[in-house]
Amino acid sequence: MEIVVRHEAKVLVGDYPFSDSLNKEVLSLLESGSYKNIGHTNVKGSIHTEWHWGPDNIKFRNLQGYIQEEIERAFKPGLMRTNRDPLRLHNFWGNVYEKGDYADSHDHKPNHYSFAYFVKAKWYHAPLVFTDSGKKVRPKEGRFVAFPAFLNHHVPKHRYNSRRITLSGNFRVRFSS
């Protein structure tokens, strides 16, 4: 599904077909403490892992590859220039929202494309909101949202006792000289 949030800016919303296995892995890593909390970010959440979390994990790489292919199919970044190098993952992290947590409005520039993936969420949990348009994407476990990194977005205050857990990342188009 695609929604337009600002002029011609598309937002891609889809479901990851291998979410059950991935979600179990993410929850296991978070429960075991296999992360470092980096502290200050736009996400005012209980846990924000380091920026390059889980780079050697095959389940993470599979999700990243799947979303990269979806971005290339939907946004066609190769049409930007004929001498482009592949779209590359720049960073990848996890967020855990407890009751009262939120994310301030922000963008992901200078990256080109960003995504959020819902690991643990209920449909009534805080949505991902594109600030300028007010368009909302309701959470659903296994759902991903990919969008141009210049779009401002935020997460309203999470009002429930159950955790809202997401993975996020950024891709950059690498240009040859």
Side-chain angles (χ1 to χ4, degrees), residues 1-3 5 9-38 41 43 45-78 85-98 101 103 108 111-130 135-149 151 153 155 158 160 162-174:
M1 168 174 65
E2 294 176 0
I3 58 175
V5 297
K10 291 189 299 188
V11 172
L12 180 63
V13 179
D15 294 321
Y16 182 56
F18 307 105
S19 62
D20 289 344
S21 174
L22 172 67
N23 293 357
K24 286 177 189 171
E25 180 78 11
V26 171
L27 294 173
S28 174
L29 288 170
L30 289 172
E31 288 170 7
S32 71
S34 298
Y35 63 89
K36 295 178 192 165
N37 196 345
I38 66 163
T41 72
V43 175
S46 301
I47 296 172
H48 184 299
T49 69
E50 65 265 29
W51 293 111
H52 299 283
W53 189 50
D56 295 327
N57 186 301
I58 187 68
K59 291 179 183 177
F60 288 9
R61 285 196 313 265
N62 288 343
L63 171 70
Q64 295 158 0
Y66 184 88
I67 292 174
Q68 178 177 338
E69 288 176 9
E70 292 295 304
I71 289 171
E72 288 174 346
R73 182 189 57 74
F75 296 106
K76 304 190 182 350
D85 288 338
L87 189 64
R88 302 213 185 196
L89 184 72
H90 180 68
N91 48 25
F92 179 78
W93 65 95
N95 302 295
V96 176
Y97 294 81
E98 303 280 358
D101 294 344
H108 289 232
N111 299 292
H112 295 101
Y113 299 97
S114 300
F115 70 89
Y117 170 81
F118 296 99
V119 175
K120 185 175 181 189
K122 303 292 184 197
W123 68 268
Y124 51 83
H125 282 175
L128 175 64
V129 180
F130 290 93
K135 298 276 186 181
K136 299 175 183 177
V137 178
R138 287 272 166 216
K140 175 185 169 195
E141 291 180 9
R143 173 174 286 165
F144 68 89
V145 184
F147 51 94
L151 290 176
H153 56 284
V155 176
H158 182 63
Y160 300 93
S162 56
R163 287 178 155 183
R164 177 189 185 274
I165 300 174
T166 61
L167 298 175
S168 296
N170 292 308
F171 288 97
R172 290 186 177 176
V173 177
R174 308 244 341 208

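For the numbers below, each heavy atom of this structure counts, side chains included, while hydrogens, waters and symmetry mates do not.
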Is the distance between the ring centroids of Trp53 and Trp93 under 6.0 Å? no

Could you grab the distance from atom OG1 of Thr166 to atom CZ of Arg143, nearest 0.5 Å is fine? 14.0 Å

List for me each residue that meets side chain to side chain donor-acceptor pair (under 3.5 Å) alongside [X], sequence neighbours excluded, and say none if there are none.
| X | answer |
| --- | --- |
| Gln68 | Glu72 |
| Arg163 | Glu98 |
| His158 | none |
| Asp15 | Lys140 |

Phe147: partners by ring-ring contact (aromatic ring centres under 6.0 Å, His included), with sequence neighbours left out: Phe130, His153

With sequence neighbours left out, the residues meeting ring-ring contact (aromatic ring centres under 6.0 Å, His included) with Phe171 are Phe115

For the pair His108 (side chain) and Ser114 (backbone), establish whether a donor and an acceptor sit closer than 3.5 Å, ignoring hydrogens and angles. no

Side chains of residues 19-26: which donor-acceptor partners sit under 3.5 Å, not counting sequence neighbours?
unit_1, atom_1, unit_2, atom_2, d
Ser21, OG, Lys59, NZ, 2.9
Asn23, OD1, Tyr117, OH, 2.7
Asn23, ND2, Ser19, O, 3.4
Asn23, ND2, Val119, O, 3.2
Glu25, OE2, Asn57, ND2, 3.0

Salt bridge (Lys or Arg N to Asp or Glu O under 4.0 Å) against Glu70, all qualifying residues, sequence neighbours excluded: Arg73

Under the side chain to side chain donor-acceptor pair (under 3.5 Å) definition, can you give me all pairs with a residue in residues 119-130, not counting sequence neighbours? His125-Ser162

